[in-house]
Asker: 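I have a structure here, written as structure tokens, and I will follow up with some questions on it.
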2 protein chains.
Amino acid sequence: MSRGLRMTRQRRTILQVVETAKQHLDASQILRKARRLDPQIDRVTVYRTLGLLKRHGLVDELDLMHMQGEKHFYERRPQRDHIHMACLRCGKISEFESDLFDRLKGQIQRDCQFHIAVTRLEVGGYCSHCRTGIAE
Amino acid sequence: MSRGLRMTRQRRTILQVVETAKQHLDASQILRKARRLDPQIDRVTVYRTLGLLKRHGLVDELDLMHMQGEKHFYERRPQRDHIHMACLRCGKISEFESDLFDRLKGQIQRDCQFHIAVTRLEVGGYCSHCRTGIAE
DNA sequence: ACTTTATTGTAACAGAGTTGCAACTAGAAG
DNA sequence: CTTCTAGTTGCAACTCTGTTACAATAAAGT
């Protein structure tokens, strides 16, 4: 982070929280975890920092099909884009990488003359575990 | 709409607004248009009806990469899923259908044992028109 | 160490969407 | 056509996520 941006204590903390997260966190969860490392940190700073990281392509913002209200979730941008699958019954989020997805992005760039900066493919449905119990 | 659901004047109005929309509308735009047909109609009814239509798979909810705040947009569910491309500069939304996308969904269902109910693929980037003026 | 200016925290705000509840009404039954 | 009842509406008050203004603070270059 150069070019007029400053690496502050707060940003280091928030970055650390997002980097080490084992799952997708929303803004208030990130705040809570950040406050365990630095109790002074404020809500506003979390939002501002997430916006910054998003604009710079370091984290991606997800909706996860809005299963839990209007929250947004964050993850550090992966090497390779992946698909998020949200089970509408149990709420489990799984991820999936696919050559076909990469090829689809290539097709969009070519056929639509559209330069892709970020993609978000979310799928809602029923995972294998929940499908079996459908008759319940 | 059967099974205990009632076709009320308000629902008919909201449905009509969404069906005849020439572009993606958010909840407050839908409210405004619905009020021109029925001035009594309330915000809450719009939200409740959109929720209902969404649950029954008659409309899809979009985020359009959150370019205009946290609004959600709605469109009647199309015959065939399509991709939404949002230009991060001019804000234009374009749509795109693709065999590759259909095949990708097939792959997900097979490889992940995941039964797909709804998909949302949104792409942010720069349209051909805005790319040319990048040096501006 | 000094200065500049990006960044922070506080507080107040904005907007999307939700909930409780009494009043209303679509649609079925008689 | 009238009655009944449970689905639906409108209102008001609320929750929650995220934003803005601004004075105080502190990175980072000199």
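Reminder, nothing fancy here: chain letters follow the sequence lines and each chain counts from 1.
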Asker: How many Å lie between CZ on Arg55(B) and C1' on dT18(C), as a whole number?
Answerer: 13 Å
Asker: So does Thr45(B) get a side-chain nitrogen or oxygen closer than 4.0 Å to the phosphate oxygens (OP1/OP2) of dG10(D)?
Answerer: yes
Asker: Using side-chain heavy atoms (C-beta onward) and a distance below 4.5 Å, is Tyr74(A) in contact with Asp60(A)?
Answerer: no
Asker: OH of Tyr74(A) versus C1' of dT17(D): gap in Å, rounded?
Answerer: 9 Å
Asker: Hey, does Cys90(A) have a side-chain heavy atom less than 4.5 Å from the side chain of His129(A)?
Answerer: no
Asker: Run the numbers on Asp99(A) and Arg80(A) for salt bridge (charged side-chain N to carboxylate O under 4.0 Å, His left out), then give the verdict.
Answerer: CA-CA 10 Å; Asp99(A) 284 337; Arg80(A) 186 183 179 199; 2.8 Å; yes
Asker: For dA26(D), does OP1 or OP2 lie under 4.0 Å from any side-chain N or O of Gln10(A)?
Answerer: no
Asker: Are Leu37(B) and Gln16(B) packed together at the side-chain level, in the sense that at least one heavy-atom pair is separated by less than 4.5 angstrom?
Answerer: yes
Asker: Just how far, in rounded Å, is P of dA6(C) from CG of Leu52(A)?
Answerer: 13 Å
Asker: Between dA26(C), dG18(D), dT5(C), which one does the side chain of Arg6(B) approach most closely?
Answerer: dA26(C)
Asker: Considering only heavy atoms from C-beta outward, does the side chain of His72(B) approach that of Leu62(B) to under 4.5 Å?
Answerer: no
Asker: Kindly say whether, by distance alone, the side chain of Arg48(B) makes a donor-acceptor pair under 3.5 Å with the base of dG10(D)?
Answerer: yes
Asker: Would you state whether a donor and an acceptor, one from the side chain of Arg43(A) and one from the base of dG18(D), lie under 3.5 Å apart?
Answerer: yes
Asker: When you check the phosphate oxygens OP1 and OP2 of dG17(C), does a side-chain N or O of Tyr47(B) lie under 4.0 Å from one of them?
Answerer: yes
Asker: For dG18(D), does OP1 or OP2 lie under 4.0 Å from any side-chain N or O of His72(A)?
Answerer: yes
Asker: Starting from C1' on dG29(D), measure out to CG on Leu5(A) and report it in whole angstrom.
Answerer: 15 Å
Asker: Rounded to whole angstroms, how far apart are CE on Met7(A) and C1' on dT5(C)?
Answerer: 18 Å
Asker: Near DNA chain D, which residues from residues 17-42 of chain A have a heavy atom under 4.0 Å away?
Answerer: Ala27(A)
Asker: Check this one for me: any side-chain N or O of Thr8(A) less than 4.0 Å away from OP1 or OP2 of dA6(C)?
Answerer: no
Asker: Are Arg35(A) and Thr13(A) close enough that some pair of their side-chain heavy atoms sits under 4.5 Å apart?
Answerer: no
Asker: Using a 4.0 Å heavy-atom cut-off, does Arg9(B) contact any base of the nucleic acid, only the sugar-phosphate backbone, or nothing at all?
Answerer: nothing
Asker: For the pair made of NZ in Lys71(A) and P in dG15(C), what is the distance, rounded to whole Å?
Answerer: 22 Å
Asker: Decide yes or no for Ile108(A) and Val123(B): does some side-chain heavy atom of the first lie under 4.5 Å from some side-chain heavy atom of the second?
Answerer: yes
Asker: How close or far is atom C1' of dT20(D) from atom CD of Glu70(B), stated in whole angstroms?
Answerer: 15 Å
Asker: Measure the distance from CZ on Arg11(A) to C1' on dT8(C) and round it to the nearest whole Å.
Answerer: 9 Å
